There are 2 protein chains.
Amino acid sequence: MSEKITIYDIAEKLNITAATVSRALNNNPKIKESTRELVIKTAASMNYKQNKLALALKSGRSNNIGVIVPRIDSNFFASVIRGIEEELHPHGYQVIICQTHESPKRENENLYTLIDAQVDGIIMSVTDVTTENDGAFRNVLEKNVPLIFFDRSKHIDGVSSVTINDFKGGYLTTQHLINEGCKSIAHLSGDQSLEIFKNRFLGYKQALLDNGLTFKEEYVLPVKSFVDAGKEAVDILLQLETPPDAIFSSSDFAALGAIQELRARNISIPKDFCVAGFSNEPFTKFMELSITSVDQSPLEMGKMSARVFLEQVDKTDTIKIEKKVVLAPELHIRKSSSRSNT
Amino acid sequence: MSEKITIYDIAEKLNITAATVSRALNNNPKIKESTRELVIKTAASMNYKQNKLALALKSGRSNNIGVIVPRIDSNFFASVIRGIEEELHPHGYQVIICQTHESPKRENENLYTLIDAQVDGIIMSVTDVTTENDGAFRNVLEKNVPLIFFDRSKHIDGVSSVTINDFKGGYLTTQHLINEGCKSIAHLSGDQSLEIFKNRFLGYKQALLDNGLTFKEEYVLPVKSFVDAGKEAVDILLQLETPPDAIFSSSDFAALGAIQELRARNISIPKDFCVAGFSNEPFTKFMELSITSVDQSPLEMGKMSARVFLEQVDKTDTIKIEKKVVLAPELHIRKSSSRSNT
DNA sequence: TATTTTCGTGTAATCGATTACATACATGTA
DNA sequence: TACATGTATGTAATCGATTACACGAAAATA
C-alpha cells in the first residue's frame, strides 16, 4: 500500500520547501545543481509520481482530448481513432472516446460532458447537421476549446475540418462504372442532409452528365448503411421499367447487400451488373467477389485531425484559425466492377 | 468569450460564501430551501459548470477509466470498448483509450500514464504474459486501482478477469469438424504463452482424443493473425506426408488466408477440406463461402468487464475481490465447414 | 569598506470545489 | 428568565502542484 507521494513528502524529507522540489523537478534554472540532483534522486527513490489532476487544475489543461463518433465498432471510425491516438500519444495527450449512436441528443450530451471534463480539444464526426440546437457547439467555441470535424462536418465559423473530397470519390467511381460499359447507373445514398452523402451524390450526377448519360431521379434511393438496405434497394430497382445495370453505393454494407440480392436472382456480376461501394471496409477486399470501393484513408484522416488540433491548441485565445483539409479519395477497383479482367 | 464561472462568482453575486453555494448545488439538507432555489437559479442563469478537475483533485477520483488494448481497429477490441463505454457512460465515467501495438514496453508505459492520470480503474487485454517486468502491474495494485483483464489475462492475485471459455471454443469447433467427417484436423495457433491460445489448443487436442483420433504435433502450426500467415500454413501442411483434411484456426484472418490458398490450389471447400476460424469477425459471415467461427460476444465481454469494475470501485480499499467471469463461446457454423448442407 | 548584483530558496497565493468545525440567531423547554 | 436545541451560514483547511514575489547570503563592483 504505497501511500501517495507528493512533493511535500519529498520536501519534508530533505528539509526544504515544496516550491524548491517543484522547481528542481521542472528544470527551473534558478536551482542549485546539487539540490536538483538530490531532489531528483530522492523523488525517484520514493517512487514519486506527479499528480496530473493537480497540474491540470493549476494549468487549466487536462492533457485529454475528446473524440466523438457515431460508434466505435466500425472499421472507419476505429481507424480514425487509431490515427488520432498514435499522433497524439507522443505529445502526452490521452484520448477520451464518446459515442453518439447517431443521436443528436447524445451528441449534445457528449459535448457538454467533455467540456465539463476540461478536455483540451474535441475531434468529432457529426451526427446530424440539421440539429437546430447548436447550443452545445457554441458552448465549446465560447470556451475556446479547439474543435475539429472529420469526415462529417458542419459549417461553423472558425472551426477546422478534415474531410475527403467526396464529390471526387463519387465522380471517380461513377466514371469508372461508365468506363466499364455501364449505361444506367443507380445510386444508393446516405442521408443527404449530411454533406458527405450530398457530395458523393453530386459527383455521381456530374459524372453522368459529363458523359452524356441522363440522370434519373428514380435511380437514386436513400439507404441506411446496412446489408438489408442494399437488398431492398435492388428489389425496388429491378422493378423499374428500365432497371439499371450498375449500382454506386455510398455504403459498403448496402453494396454487399445489393450483391447478395443480385446473385440470389442469378444476375451475373460484373458481367451483367456492376457494383461499387464506399469506405473500403476490410470485407470488401476479402470477398471472393471482391468489391470495388473508395478508400477514405481513415488512419491518415485521424492523424491529420490530430495535427490540426496540435496547431491550434497553443495559439493565443483570440485568434481563431479555420483550416480545411481535404484528402484525396482513392478508388480501389476490384472484381465487382472489373469487366476488363473477366 | 464567456469567462469561466466558478462558485465564487455565484457567491459574490448573491453576497454569500462559496461554501453555501457548494452546499446548495449538492443538495446538502442544511440549506434553506429559498437559498437553494436562488443559488440554483443564479447558477443556471450564469451558465455555471462545475469544474470536474477541481472535483477530481479534491475527491481523488477522476471519473475516467483507462482501457488498454493491442489495437483499436479490430472488430473484436472495438466492440469490447463499445460495450465498456455503453455500460459506464450512464455512471458518469469517461473511457480513455490506449493501444499497445503488442509491445510490452508500450503496455508498461500506458499503465504508468493511466495511473499518473489518476484513472479510477483499468480494463485491459494483456499483450504478453511472459513479461518479467511486472512493476507496472504492481504499481497499479499498490495504488488500489481496480484492474480487470478481459480476453487475454494474466494470473495476478486479487485481479478480476472476464474471458470466454476458450477450451470449450476449441473443443466445440474441433468436435464439429469431426462430426462433419474430418479425420485429420490441423490447428493454427496463436502464441501459446497467451492462455487464450493455449486453451483453444488444449480444447482442440482433447476433442481429438475423446473421439479416438491421434494427435499429431506436426498438425499444429504457430501463426500470426494475418491472412498471409494462413496461406503459408496451408503451404506447409500440404507438403506433409499425410496432409490434413481440415483446419481449425485460432484466427479468422489466418483461416481466410488458408481458404484463399486452398482455393488457389483447387481444393474444394467444404467437400474435400473444412476450415473454421475464431473470433467471428464480420467478414466471416459476409463471404460467399462464409466461414465457420467462434463468437466471443465482445460487446457482452465489454459490458461485463465494466460491471465488474463498478462492483469493485466502491469497495473499501482493504478488501480485494477477485472475480473470474467466464462467458460461453458460441460456434457459428457456416459454409466453410458444412458438408451436411452441401 | 560600502553598495550593487546574483543566486538559491522560502512564503504564500492560486487553480475550484468540498467539508469539518465554528458561530450566530431563532425557537423550544424548564 | 436561563438554558438547551436546531437551523442556516460563514471560516478556513484541504486536495497537489506551480509561481510571483520576498529575502538573506554570497559574490562582484565601486
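Not measured: the values here are computed from a predicted model. In what follows, chains are A, B, ... by sequence order, proteins preceding strands, each numbered from 1.
The residue among B:A54 and B:T35 whose nearest nucleotide of DNA chain D lies closer to the 5′ end is B:T35. Comparing B:S59 and B:K30 along DNA chain D, the residue whose closest nucleotide (by nearest heavy atom) sits nearer the 5' end is B:K30.
In terms of modelled atom types and a separation under 3.5 Å, the side chain of A:S153 and the main chain of A:F149 share no donor-acceptor contact.
Within the nucleic acid shown, A:I7 comes within 4.0 Å of at least one base atom, counting heavy atoms only. A:N28 comes within 4.0 angstrom of no nucleic acid atom, judged by non-hydrogen atoms across all strands. Counting any heavy atom pair closer than 4.0 Å across all strands shown, A:K49 reaches sugar-phosphate atoms only and no base atom. Within 4.0 Å (heavy atoms only), A:K32 reaches sugar-phosphate atoms of the nucleic acid but no base atom.
Contact check on B:E107 versus B:K154 returns no salt bridge, with no Lys/Arg side-chain nitrogen under 4.0 Å from an Asp/Glu carboxylate oxygen. Using a 4.0 Å cut-off between charged side-chain N and carboxylate O, A:E300 and A:R307 make a salt bridge. Taking the charged nitrogens against the carboxylate oxygens, B:D73 and A:R82 do have a contact shorter than 4.0 Å, which makes a salt bridge.
Annotation: proximity of residues 11-25 of chain B to DNA chain C (heavy atom, distance under 4.0 Å) is found for B:A19, B:S22, B:R23, numbered in ascending order.
By the neighbour-count criterion of 12 heavy atoms within 6.0 Å, atom NZ of B:K105 is sparsely surrounded, having that number or fewer from other residues, nucleotides or ligands. Within 6.0 Å of CD on A:E12 lie no more than 12 heavy atoms contributed by other residues, nucleotides or ligands.
First and last contacts of DNA chain D with chain A, using any nucleotide atom under 4.0 Å from a protein heavy atom and ordered 5' to 3', fall at D:dG16 to D:dA20.
For A:H101 and B:E86, the side-chain atoms include at least one donor-acceptor pair closer than 3.5 Å.
Ring geometry, B:Y93 versus B:F309: the interplanar angle exceeds 60°, so the pair is classed perpendicular (tilted spans 30 to 60°).
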